[in-house]
Amino acid sequence: MNIIKTILRLLLGAFMAYAGFSHLTFNRLEFVAQVPMWLRFSDGFTDFVVLSSGVVEIALGLSMLFLFKYKAVVGALLALFYVLIFPGNLNQYFYHIDSFGLNTDTARLIRLFFQPVLIVLALWATGGWEVWKRCWRQLKK
């Protein structure tokens with residue numbers, strides 16, 4: 001089971017690093033579609049959101065790949081990141097925005113169901129569940 005978790009962690013890390021790099025380069029305009037309408041104060045700020053989320057994705061991806069000692073914390077942070085960017089996916093669905101080949105409401109709706117899968121994978125593959133539980137216990141005090 002540990003081998004499967006390690007492979008998933010490395011795949012998530014590579015995927016995130018690649019996605020972050022694409023934010024900064026060839027998919028920059030595609031990611032504008034992910035920025036929620038309520039967060040689009042200006043074109044410059046929208047671009048800042050795309051670029052900064054790309055930098056965060058690169059950092060999380062590289063951390064998943066190389067910071068094995070902190071994999072649980074990194075996995076918990078990656079899961080949190082997936083939660084925080086979910087409104088962007090909702091934005092694309094509710095405003096019928098074509099991007100990344102998602103040019104039908106059905107395709108955009110199906111995509112929404114993959115975000116929870118990514119959250120669970122990030123937590124399971126890294127042991128991030130324990131980090132989330134500790135944080136939750138601290139918040140309840």
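Since we're looking at a predicted model, the values are computed, not measured. Side chains included, hydrogens not; waters and symmetry mates left out as well; all remaining heavy atoms used.
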| request: Verify side-chain contact (heavy atoms from CB on, under 4.5 Å) between L10 and M64, making sure each step is shown before the conclusion. | output: CA-CA 7 Å; L10 295 174; M64 288 285 279; over 6 Å; no

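- Following chains of ILVMFWY side-chain contacts shorter than 4.5 Å, one cannot reach W124 starting from L65, and the two form parts of different hydrophobic clusters.
- Pairs engaging residues 67-76 under the side-chain hydrogen bond (donor to acceptor under 3.5 Å, both in side chains) rule: none recorded [sequence neighbours left out].
- By the criterion of side-chain heavy atoms lying less than 4.5 angstrom apart, applied directly or through intervening Ile, Leu, Val, Met, Phe, Trp or Tyr residues, V120 is grouped together with F15 in one hydrophobic cluster.
- Within 6.0 Å of CG on L29 lie no more than 12 heavy atoms contributed by other residues, nucleotides or ligands.
- Residues in residues 85-102 take part in these salt bridge (Lys or Arg N to Asp or Glu O under 4.0 Å) pairs, two or more places apart or across chains: D98-R108.
- In this structure, the side-chain hydrogen bond (donor to acceptor under 3.5 Å, both in side chains) partners of N89, at least two apart in sequence or on a different chain, are Q34, R111, Q115.
- Members clustered with F68: none, using a 4.5 Å side-chain heavy-atom cutoff among hydrophobic residues.
- Considering only heavy atoms from C-beta on, L12 comes within 4.5 Å of Y82 through its side chain.
- Inter-residue side-chain proximity for V74 and T126 is flagged as unmet; no heavy-atom pair is nearer than 4.5 Å.
- Applying the salt bridge (Lys or Arg N to Asp or Glu O under 4.0 Å) test to every pair with at least one member in residues 124-135, sequence neighbours left out, gives these pairs: E130-K133.
- A single hydrophobic cluster is not seen to contain both L11 and M16; linkage of ILVMFWY side chains at heavy-atom distances under 4.5 Å, directly or through other members, places them apart.
- When the shell of 6.0 Å around CZ of F21 is examined, it contains 12 or fewer heavy atoms from other residues, nucleotides or ligands.
- Listed here is the closest heavy atom pair of A79 and A122: N-CB, 4.1 Å.
- Atom CG of D105 and atom CD of Q92 lie 10.0 Å apart (nearest 0.5 Å).
- Annotation: side-chain contact (heavy atoms from CB on, under 4.5 Å) contacts of A72 (sequence neighbours excluded): V131.
- Between F31 and V49 the shortest side-chain heavy-atom distance does not fall below 4.5 Å.
- Applying the salt bridge (Lys or Arg N to Asp or Glu O under 4.0 Å) test to residues at least two apart or on different chains, the pairs with a partner in residues 16-45 are R28-D47.
- Applying the side-chain hydrogen bond (donor to acceptor under 3.5 Å, both in side chains) criterion to S53, with sequence neighbours excluded, gives H23.
- The CH2 atom of W132 sits 6.5 Å away from the CG atom of L80 when rounded to the nearest 0.5 Å.
- Residues A76 and G128 approach most closely at CB-O, 4.0 Å, considering heavy atoms.
- The side-chain contact (heavy atoms from CB on, under 4.5 Å) test applied to A59 returns no partner, not counting sequence neighbours.
- The list of salt bridge (Lys or Arg N to Asp or Glu O under 4.0 Å) pairs with a residue in residues 112-127, not counting sequence neighbours, is empty.
- L8 and I3 end up in different hydrophobic clusters when Ile, Leu, Val, Met, Phe, Trp and Tyr side chains are linked at under 4.5 Å.
- Listed by first and then second residue, the side-chain hydrogen bond (donor to acceptor under 3.5 Å, both in side chains) pairs that reach into residues 2-22 come to none, sequence neighbours excluded.
- F81 and L62 fall into different hydrophobic clusters, defined by Ile, Leu, Val, Met, Phe, Trp and Tyr side-chain heavy atoms under 4.5 Å apart, directly or through other members.
- Side-chain contact between F45 and V50: absent, with no pair of heavy atoms (C-beta onward) separated by less than 4.5 Å.
- In the hydrophobic clustering, where aliphatic and aromatic side chains (Ile, Leu, Val, Met, Phe, Trp, Tyr) are joined below 4.5 Å either directly or transitively, F86 groups with M37, L90, Y93, F94, Y95, I97, L109, L112, F113.
- Here the side chains of L24 and I58 are in contact, with some heavy-atom distance below 4.5 Å.
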